[in-house]
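Heads up: numbering here begins at 1 and tracks the sequence.
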Amino acid sequence: MAALALGIFFLEVVPAFPRQITIHSEDQFNYARTRMQEGAYMRAVEEFERFIRLFPESPDVPEARCLMGMCYLEAHRYAEARESLSLVALPDATDPLAQKARFLMGESYYREQKPLKAANYFEQVFKDDPSEALRDAAAYRLGWARLRENRWQEASHSFRRVERKSPLYNSALELERMSLKGMGLPYKSPNQAGVMAGLLPGLGHAYAGRYRSAIVSFLLNGLFIWATVESFHRDHDILGGVLAFVEAGWYAGNIYGAVNATHKYNRKLQDDFRKRLNDRFNLRLIASRDGRWGLSLAVRF
């Protein structure tokens, strides 16, 4: 009887060990992708990093790094995006994922307002002979990079490389024509502005459309010139010399300001022209028929 009671006691006090939690690679990858779809980009990055740390031998690691790069891209953390994408953008020009990673690296530079570096990547992607969709996207994005560099003819040529069957074709066709109009914008001549400012203070600013600055420049220079002449006329040579020295600085500043104002006028003219053009390119994550996910190059309306 005592033995039976002792046995029941030990049965009751046996600790219940917690069950071991098993994480499957596919579940972790899908969870990270879901966070990305929800727009929680930095949380998705953490989950993709956990996936790579737990399953370093998984064949999905390159795709995870590519998606991490896109998350950083959407979070405006461009240097980190390139750091992740560079591990996928291998020298193998035939690998579709590497080609896509190179394209995204170009996109990161484009969004960071570095069109020259972006153009180098888009040109490389185009030369890698990728899929038709990626090739058309690279040509389209290259055109926009050239637009930002004010290289109007090269931009038009890049848009012309988009194939007719591409969803980007209609937009590219319009941009091909509009790009050439950038060469005919009513630019102002900085040299002419400088000459006009030298002839009459404020005239160069008026030429650049800066009428308030023109009035200020005319009045200040006129006042100093009058004060200088009046000082010498009254035999105040030292004061006249000081005022002449100061006026020389104002006069030179008037010329420099007119030239600078003209450059600003031209840049604004170019920026306003580009803003009137429609960029219908978009990046997004879509599901494929087999349930997997991938990067899609789409048209934005």
Side-chain angles (χ1 to χ4, degrees), residues 33 36-39 41 62-63 66-67 69-76 78 81 85 88-89 93-115 117-149 151-182 273-301:
R33 231 166 19 206
M36 182 178 180
Q37 279 291 98
E38 294 172 349
Y41 298 115
E63 184 179 355
C66 200
L67 294 178
M70 190 171 179
C71 287
Y72 280 126
L73 198 63
E74 295 298 334
H76 310 292
Y78 305 116
L85 292 165
V88 186
T94 62
D95 181 59
L97 196 60
Q99 293 171 347
K100 199 166 290 188
R102 281 191 286 275
F103 178 89
L104 289 173
M105 290 181 74
E107 180 71 8
S108 73
Y109 279 118
Y110 179 81
R111 296 189 186 186
E112 202 176 6
Q113 306 294 323
K114 296 180 179 179
K117 289 186 176 181
N120 292 334
Y121 278 93
F122 295 138
E123 280 279 16
Q124 183 59 49
V125 171
F126 195 89
K127 294 176 181 178
D128 286 343
D129 192 25
S131 65
E132 292 182 358
L134 192 58
R135 183 171 62 249
D136 291 332
Y140 187 85
R141 256 306 179 244
L142 179 60
W144 270 102
R146 296 308 188 199
L147 280 179
R148 287 188 174 180
E149 295 180 273
R151 296 163 67 172
W152 311 110
Q153 284 186 315
E154 292 181 49
S156 180
H157 175 70
S158 296
F159 289 124
R160 196 180 309 135
R161 296 158 84 178
V162 177
E163 297 293 335
R164 182 180 294 272
K165 54 187 174 181
S166 170
L168 293 167
Y169 176 75
N170 290 332
S171 178
L173 187 65
E174 178 186 3
L175 290 168
E176 175 191 347
R177 176 179 56 86
M178 293 295 295
S179 297
L180 297 176
K181 292 186 177 182
F273 173 73
R274 280 191 293 267
K275 287 176 182 177
R276 294 198 299 269
L277 305 179
N278 292 322
D279 183 3
R280 295 181 176 172
F281 179 80
N282 194 17
L283 279 172
R284 61 183 180 181
L285 195 65
I286 63 167
S288 60
R289 293 181 179 180
D290 60 0
R292 299 290 291 172
W293 292 79
L295 298 176
S296 170
L297 309 174
V299 180
R300 178 172 56 234
F301 294 97

- Message: If you compare all heavy atoms of A155 against all heavy atoms of S179, which two are closest, and at what distance to 0.1 Å?
- Response: CB-OG, 4.0 Å
- Quick one: are Q153 and R146 in side-chain contact, heavy atoms under 4.5 Å? no
- Note on the structure: Scanning both residues in full, the closest heavy-atom pair of V88 with P62 reads CG2-O, 3.5 Å
- Who pairs with R160 by side-chain contact (heavy atoms from CB on, under 4.5 Å), at least two apart in sequence or on another chain? S156, H157, E176
- Message: Just checking E149: does its CD atom have more than 12 heavy atoms from other residues, nucleotides or ligands closer to it than 6.0 angstrom?
- Response: yes
- If only atom types and distance count, is the side chain of R274 paired as donor or acceptor with the main-chain N or O of L147 below 3.5 Å? yes
- Counterpart residues, side-chain contact (heavy atoms from CB on, under 4.5 Å), relative to A118 (two or more places apart): Y109, Y110, F122
- Message: Between Y169 and D136, does the side chain to side chain contact (heavy atoms under 4.5 Å, CB included) criterion hold? Intermediate values first, please.
- Response: CA-CA 8 Å; Y169 176 75; D136 291 332; over 6 Å; no
- Message: Rounded to the nearest 0.5 Å, what separates atom OG in S108 from atom NE2 in H76?
- Response: 13.0 Å
- Task: Taking atom types as modelled, find out whether Q124 and N120 have a side-chain donor-acceptor pair closer than 3.5 angstrom.
- Result: no
- When you check the gap from the basic side-chain N to the acidic O, do K165 and E132 get nearer than 4.0 Å? yes
- Task: Output, in order, the C-alpha distance, side-chain angles, deciding distance and verdict of side chain to side chain contact (heavy atoms under 4.5 Å, CB included) for L175 and W144.
- Result: CA-CA 9 Å; L175 290 168; W144 270 102; 3.5 Å; yes
- Query: Below 4.0 angstrom, N of the basic side chain to O of the carboxylate: do E107 and K100 qualify?
  - Reply: no
- Could you pull out the closest heavy-atom pair between P115 and A145, with the gap in Å? CB-O, 3.5 Å
- Task: Test M36 against M70 for side chain to side chain contact (heavy atoms under 4.5 Å, CB included), laying out the working first.
- Result: CA-CA 9 Å; M36 182 178 180; M70 190 171 179; 3.7 Å; yes
- dist D128:CG -> R102:CZ (nearest 0.5 Å) comes out at 4.5 Å
- Message: Using the rule given for side chain to side chain contact (heavy atoms under 4.5 Å, CB included), can you reason through L142 versus F126, listing the C-alpha separation, both sets of side-chain angles and the distance that settles it, and then say yes or no?
- Response: CA-CA 9 Å; L142 179 60; F126 195 89; 5.9 Å; no
- Which heavy atom of Y140 sits nearest a heavy atom of N278, and at what distance? OH-O, 3.7 Å
- Taking atom OG of S166 and atom CG of L173, what is their separation to the nearest 0.5 Å? 12.0 Å
- Please round to the nearest 0.5 Å and tell me the distance separating atom CE of M178 and atom CH2 of W152. 10.0 Å
- Distance from E123 atom CD to S158 atom OG, nearest 0.5 Å? 6.5 Å
- Got a second to check how far L97's CG is from L85's CG, nearest 0.5 Å? 9.5 Å
- For residues K114 and Y78, determine if any side-chain heavy atom of one lies less than 4.5 Å from a side-chain heavy atom of the other. no
- Item | Shortest non-hydrogen separation from R135 to P130 and the atoms involved | NH1-O, 3.3 Å
